[in-house]
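The structure appears right after this line, and notes come after that.
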Amino acid sequence: MRKFRFPLQQVLEIRDSIEKQRQGEFVAARQNVSDAEQTFESMLRLQKGAVDAYREQQVLNISPHESRYYFDYFCNLELQMINQLQSITELKQVAEEKRDQLLEASQDKLAIEELEKQESNRYHQLMEKREQINVDDISAITYNYKRSLER
C-alpha cells in the first residue's frame, strides 16, 4: 500500500511556521507589558520613598529651596508615571492585537489540519476498499482454479 501524501503539506508547514512566529510575537508583547508594569511599580515605590523622605525633612524644618526641589521632583515623577501608564495601555493594545493574530493563525492552521485528516481518512478508506477488492479477486480466482482441477 502506498503511503498517504497530503497535497497541501507545504501550506500546512507554512501555516505552522506562521503560527509559531505569531506565538513568539505574542509572548514578546506580553513580556513588554509585564516589563512596563514592573517599571511603573518601581516608580510607585520610588515615589513612596521620596514622600517619606520629604515628610522626615519637614519635621526637621526643610528650607523653602529644598522644598522646591522636592516639589519639582514629585511633579517630574508624576509626569513620568502618567506617561508610563499610557505606555502600558498602548502595550496592552498591541498585545491584544498580537493575541488576535495568533488566534487567526491557529484557526487557519487548524482548518488545514482538518482537511489533512479528512483526506487521510478518505485515502485509507479507498485503500481498504482496493485491498478488499484484491482479496475478493484472489478468492474468486482460487475458487475457480480449485473447481477446474476437480473436473
Side-chain angles (χ1 to χ4, degrees), residues 1-56 68-151:
M1 180 165 82
R2 291 181 303 169
K3 185 177 176 183
F4 172 71
R5 185 184 164 304
F6 184 51
L8 298 175
Q9 186 62 37
Q10 288 179 336
V11 174
L12 181 60
E13 290 169 3
I14 290 169
R15 298 263 171 103
D16 186 49
S17 68
I18 289 171
E19 180 186 37
K20 287 178 182 174
Q21 177 187 358
R22 300 260 167 93
Q23 282 176 337
E25 292 171 356
F26 176 65
V27 167
R30 288 298 306 153
Q31 185 62 44
N32 290 341
V33 170
S34 178
D35 292 346
E37 288 174 340
Q38 288 176 357
T39 301
F40 182 75
E41 289 172 11
S42 69
M43 288 176 159
L44 283 175
R45 287 190 297 275
L46 190 63
Q47 182 185 41
K48 184 181 180 320
V51 167
D52 292 343
Y54 178 67
R55 286 187 181 144
E56 288 176 14
R68 176 71 182 164
Y69 281 130
Y70 273 105
F71 178 76
D72 290 344
Y73 176 74
F74 288 137
C75 287
N76 187 25
L77 187 58
E78 188 72 25
L79 189 60
Q80 289 177 2
M81 291 172 71
I82 289 170
N83 288 337
Q84 189 66 23
L85 284 174
Q86 289 173 344
S87 176
I88 289 171
T89 302
E90 291 169 2
L91 289 171
K92 284 182 177 180
Q93 288 174 347
V94 168
E96 187 64 26
E97 290 170 5
K98 296 296 181 185
R99 186 185 72 79
D100 291 343
Q101 290 174 356
L102 173 60
L103 286 175
E104 183 181 325
S106 294
Q107 289 172 347
D108 289 347
K109 179 185 164 199
L110 190 62
I112 298 295
E113 286 176 338
E114 187 61 32
L115 284 174
E116 179 184 31
K117 184 178 176 181
Q118 291 173 0
E119 286 289 320
S120 176
N121 285 341
R122 274 188 242 147
Y123 176 80
H124 290 295
Q125 288 173 353
L126 179 64
M127 288 296 115
E128 286 176 9
K129 284 181 184 177
R130 285 184 180 175
E131 192 172 312
Q132 187 61 46
I133 290 171
N134 288 340
V135 168
D136 291 346
D137 286 347
I138 291 171
S139 296
I141 291 170
T142 304
Y143 175 78
N144 288 336
Y145 179 71
K146 286 183 180 177
R147 276 191 80 209
S148 69
L149 289 178
E150 290 174 0
R151 290 186 207 171

Pairwise side-chain contact, [X] with [Y], heavy-atom cut-off 4.5 Å (strictly under):
X      : Y      : answer
Gln101 : Gln21  : no
Leu103 : Phe26  : no
Asp136 : Gln132 : yes
Glu116 : Leu8   : no
Glu119 : Phe4   : yes
His124 : Ser120 : yes

Work out which heavy atom in [X] is nearest to a heavy atom in [Y]; give both atom names and the distance.
X     : Y     : result
Thr39 : Gln84 : CB-NE2, 3.7 Å
Met81 : Leu44 : CE-CD2, 3.1 Å
Asn32 : Leu91 : O-CD1, 3.6 Å
Met43 : Leu77 : O-CD2, 4.2 Å
Ala95 : Ala29 : CA-CB, 3.7 Å

Check: Under 3.5 Å, side chain of Ser34 to main-chain N/O of Arg30, donor-acceptor pair present?
Finding: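 Pair absent, no side-chain N/O of Ser34 close to backbone of Arg30.
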
Distance (rounded to the nearest 0.5 Å) between [X] [atom1] and [Y] [atom2]:
X      : Y      : atom1 : atom2 : result
Arg99  : Ser106 : CZ    : OG    : 11.0 Å
Glu19  : Leu12  : CD    : CG    : 10.0 Å
Glu13  : Ile112 : CD    : CD1   : 12.0 Å
Gln47  : Ser42  : CD    : OG    : 11.5 Å
Asp108 : Ile14  : CG    : CD1   : 12.5 Å
Asn144 : Ser148 : CG    : OG    : 7.5 Å

Item checked: Lys20 and Lys109: CA distance, side-chain angles, deciding distance, side-chain contact (heavy atoms from CB on, under 4.5 Å) verdict -> CA-CA 11 Å; Lys20 287 178 182 174; Lys109 179 185 164 199; over 6 Å; no

Next item on the list: Fit a plane to each ring of Tyr70 and Tyr54, take the angle between them on a 0 to 90° scale, and name the class: parallel (under 30°), tilted (30 to 60°) or perpendicular (over 60°).
Entry: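 It falls in the tilted class, 30° to 60°.
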
Next item on the list: Check the side chains of Gln93 and Glu97 for a donor-acceptor pair under 3.5 angstrom, ignoring hydrogens and angles.
Entry: no

Note to self: Regarding Gln31 and Asp35, do their side chains bring together a donor and an acceptor under 3.5 Å, going by distance alone?
What the structure shows: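 Judged by distance alone, the side chains do pair up.
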
Just wondering, are more than 12 heavy atoms of other shown residues or ligands nearer than 6.0 Å to [atom1] in [X]?
X     : atom1 : answer
Phe74 : CZ    : yes
Gln10 : CD    : no
Tyr69 : OH    : no

